[in-house]
J.: 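Just passing along the structure, written as structure tokens.
The figures that follow rest on heavy atoms only: side chains count, while hydrogens, waters and symmetry mates do not. Within every chain, numbering begins at 1; the chains are lettered A, B, ... in the order of the sequence lines, protein sequences first and strands thereafter.
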2 protein chains.
Amino acid sequence: MSKEELKRVSDTKTAKLVKKGETIFGEGEKLNGVYCVRDGVSKLSKLSPNGKDQIVKLATKGALLGQRSVITEEVANLSAIAVNDMQVCFVPKDAIIDSLNNNPNFAVEVLRHIAHDLKEADDVIVNMSQKTVRQRIAEAFIYLEENFGTDRNGYLALTLSREDIANVVGTATESAIRIISNFKKLGLIKTNGKKVAIADRKALYDVVKGC
Amino acid sequence: MSKEELKRVSDTKTAKLVKKGETIFGEGEKLNGVYCVRDGVSKLSKLSPNGKDQIVKLATKGALLGQRSVITEEVANLSAIAVNDMQVCFVPKDAIIDSLNNNPNFAVEVLRHIAHDLKEADDVIVNMSQKTVRQRIAEAFIYLEENFGTDRNGYLALTLSREDIANVVGTATESAIRIISNFKKLGLIKTNGKKVAIADRKALYDVVKGC
DNA sequence: TTAAAAACATGATAATTGTCAGTTTTCCCT
DNA sequence: AGGGAAAACTGACAATTATCATGTTTTTAA
């Protein structure tokens with residue numbers, strides 16, 4: 001099965017609706033397939049021993065959830081939870097494993113994809129350890145705009161709770177709130193309820209760079 | 001070419017000596033092959049915009065350096081620098097690409113390997129963002145013991161400079177030194193020059209867990 | 001619609017970590 | 001072996017971030 005075939009297979013499946021806040025799979029769960037995101041956004045997070053969730057990445061349309069665990073035949077390392085209403089479809093493990101073993105193109109495509117994910121993860125490690133919370137929050141807004149876009153009024157298309165933002169950048173919710181308020185006060189962003197719009201992109205970049 | 005064949009090919013190559021401190025390849029460099037570690041340890045690091053190096057991982061015997069970049073045909077994302085004297089051999093890019101395209105087993109083996117690296121990277125992200133510097137340093141010593149072992153006197157077989165330890169856990173060198181001194185004072189470790197031995201494993205685990 | 005729950009917000013304070021400015025020790029090199 | 005450089009160390013202080021306490025607003029669900 002090639003990637004295209006896999007896509008075709010998944011396209012024939014009726015997508016399942018996953019409501020905001022629902023868990024697709026949990027950390028430590030044995031997966032018997034991969035979930036393909038048709039619509040909506042999922043957070044992939046891990047509970048750290050101190051009881052806080054760290055969001056490792058956000059997955060959107062086209063992403064495959066649980067792919068890594070199925071490949072290594074391990075239990076899920078992360079939880080996948082819907083950030084908003086989602087449509088996902090399920091591709092059973094056997095179909096994946098079969099394709100991997102029988103279709104070199106498929107294996108190489110998946111390999112390239114995972115290799116790219118690994119690069120991104122390495123970059124996140126550097127960001128997490130070398131940037132301040134303030135820099136990371138500024139970067140998070142830029143990331144959200146670049147990857148999920150904005151609505152017609154300029155607000156980030158993906159609205160995260162303050163707690164989720166804190167869990168993305170790895171800080172306390174209160175700290176995130178304070179910094180967001182401060183960005184607003186400085187005119188770097190504007191807010192409408194929990195919706196956020198970037199108001200001064202250049203100044204926000206300066207924060208990321210530590211100016 | 002199967003993994004075994006690749007191993008055979010690389011075995012026929014005369015390993016090149018890389019001295020402690022020498023660079024195998026630098027961030028941003030175009031790689032025309034992969035370096036296989038025969039002996040010694042390499043640090044894989046990335047310079048963050050603030051001018052500090054973050055060590056993303058340590059690679060030892062059997063590891064392939066630059067593998068990820070060759071697969072995605074991108075420029076190197078990390079620098080590889082010898083932590084002690086090393087022996088490495090070089091496998092040209094073409095051999096890798098050929099095998100990937102023609103031998104499904106090889107592609108799947110590499111895929112599994114990279115998938116495992118990705119899991120580890122995700123775990124590092126969680127550690128970096130949710131643990132204190134103190135916890136991370138305690139964890140680093142345990143990691144070093146588990147992965148590189150000890151000499152006959154119980155000292156960690158891999159000796160890192162204080163600066164390298166700081167760069168592994170993502171903190172200032174002075175902070176690392178202070179915490180290491182404190183561990184010594186509390187009897188969690190003993191030191192002999194820059195060599196470190198774990199003296200109270202249980203207490204060190206308690207530090208990691210935040211007790 | 002309204003009560004309860006969750007999310008947001010802010011202040012006060014403590015804890016952690018970074019920075020700067022030195023001194024001492026160790027390591028190398030010729 | 002001796003001189004110079006790098007690494008290790010220490011103190012004082014500043015900056016960042018976490019924690020706790022509490023009040024307000026928004027969301028959710030019966």
J.: Any side-chain heavy-atom pair from A:Lys93 and A:Leu31 closer than 4.5 angstrom?
T.: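 No, side chains not in contact.
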J.: For every nucleotide of nucleotides 24-30 of chain D, 5' to 3': is a protein heavy atom under 4.0 Å from its base (B), only from its sugar-phosphate (S), or from neither (-)?
T.: -------
J.: Is any side-chain heavy atom of A:Asp200 closer than 4.5 Å to one of A:Lys202?
T.: yes
J.: Any side-chain N or O of B:Ser175 less than 4.0 Å from the OP1 or OP2 oxygen of C:dT16?
T.: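 Negative; the distance criterion is not met.
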J.: What does B:Thr173 touch in the nucleic acid at a heavy-atom separation under 4.0 angstrom: a base, only the sugar-phosphate, or nothing?
T.: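 It contacts nothing in the nucleic acid.
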J.: I'd like to know if the side chain of A:Gln54 reaches the main chain of B:Ser129, judged simply by a donor and an acceptor atom lying under 3.5 Å from each other, with no hydrogens or angles considered.
T.: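 It does not hold such a pair.
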J.: Ignoring hydrogens and angles, write down the donor-acceptor pairs under 3.5 Å from the side chains of residues 164-180 of chain A, residues two or more places apart or on other chains.
T.:
| unit_1 | atom_1 | unit_2 | atom_2 | d |
| --- | --- | --- | --- | --- |
| A:Asp164 | OD1 | A:Lys43 | NZ | 2.9 |

J.: Tell me: CD1 of B:Ile179 to C1' of D:dT10, nearest whole Å?
T.: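 Result: 15 Å.
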J.: Counting distance alone, no hydrogens or angles: does the base of C:dC20 have a donor or acceptor under 3.5 Å from a partner atom on the side chain of B:Glu174?
T.: yes
J.: What residues from residues 42-54 of chain B pass a heavy-atom cutoff of under 4.0 Å to DNA chain D?
T.: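 Residues of residues 42-54 of chain B that come under 4.0 Å of DNA chain D do not exist, since none gets that close.
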J.: Expressed as a whole number of angstroms, how long is the span from A:Asn192:CG to C:dC8:C1'?
T.: 15 Å
J.: Grab the CZ-C1' distance between B:Arg134 and D:dT17 for me, whole Å please.
T.: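 Spelled out: CZ on B:Arg134 to C1' on D:dT17 is 18 Å.
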J.: Ignoring backbone atoms, test whether A:Thr132 places a side-chain nitrogen or oxygen under 4.0 Å from the OP1 or OP2 oxygen of D:dT16.
T.: no
J.: Does A:Arg136 get its side chain close enough to the base of D:dT16, under 3.5 Å, for a donor-acceptor pair?
T.: no
J.: Using a 4.0 Å cut-off on heavy atoms, which residues in residues 160-171 of chain A reach DNA chain C? List them by number, or say none.
T.: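 Under 4.0 Å from DNA chain C: A:Ser161, A:Arg162, A:Glu163.
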J.: Using the side chain to side chain contact (heavy atoms under 4.5 Å, CB included) rule, take B:Thr60 and B:Val37 through it: C-alpha gap first, then chi angles, then the decisive distance, then the call.
T.: CA-CA 6 Å; B:Thr60 183; B:Val37 180; 5.6 Å; no
J.: Does the pair B:Val133 and B:Ile137 meet the rule for a side chain to side chain contact (heavy atoms under 4.5 Å, CB included), with working shown?
T.: CA-CA 6 Å; B:Val133 172; B:Ile137 291 184; 4.0 Å; yes
J.: For A:Phe25, which residues count as a ring-ring contact (aromatic ring centres under 6.0 Å, His included) partner, sequence neighbours excluded?
T.: A:Tyr35
J.: What's the NZ-C1' distance between A:Lys185 and C:dC8, to the nearest Å?
T.: 16 Å
J.: Would you please name every residue forming a salt bridge (Lys or Arg N to Asp or Glu O under 4.0 Å) with B:Glu163, sequence neighbours left out?
T.: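 Expected list: none.
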J.: In whole Å, what is the span from the CD1 atom of B:Ile177 to the P atom of C:dT24?
T.: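 About 16 Å, once rounded to whole Å.
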J.: Is any N or O donor-acceptor pair between the side chain of B:Arg178 and the base of D:dG11 shorter than 3.5 Å?
T.: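 Check passes, donor-acceptor contact within cut-off.
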J.: Begin with the C-alpha distance, continue with both residues' side-chain angles, and end with the deciding distance and a verdict on salt bridge (Lys or Arg N to Asp or Glu O under 4.0 Å) for A:Lys57 and A:Asp117.
T.: CA-CA 10 Å; A:Lys57 72 181 300 182; A:Asp117 285 352; 3.5 Å; yes
J.: Within the side chain of B:Asn84, is there an N or O that forms a donor-acceptor pair under 3.5 Å with the backbone of B:Leu158?
T.: no
J.: Check whether any side-chain heavy atom of A:Leu186 lies under 4.5 Å from a side-chain heavy atom of A:Val207, and answer yes or no.
T.: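 No - every pair of side-chain heavy atoms lies 4.5 Å or more apart.
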J.: Please state how far atom CG in B:Asn182 lies from atom P in D:dG11, giving the value in whole angstrom units.
T.: 13 Å
J.: For a 4.5 angstrom cut-off between non-hydrogen side-chain atoms, does B:Asn182 reach B:Arg134?
T.: yes
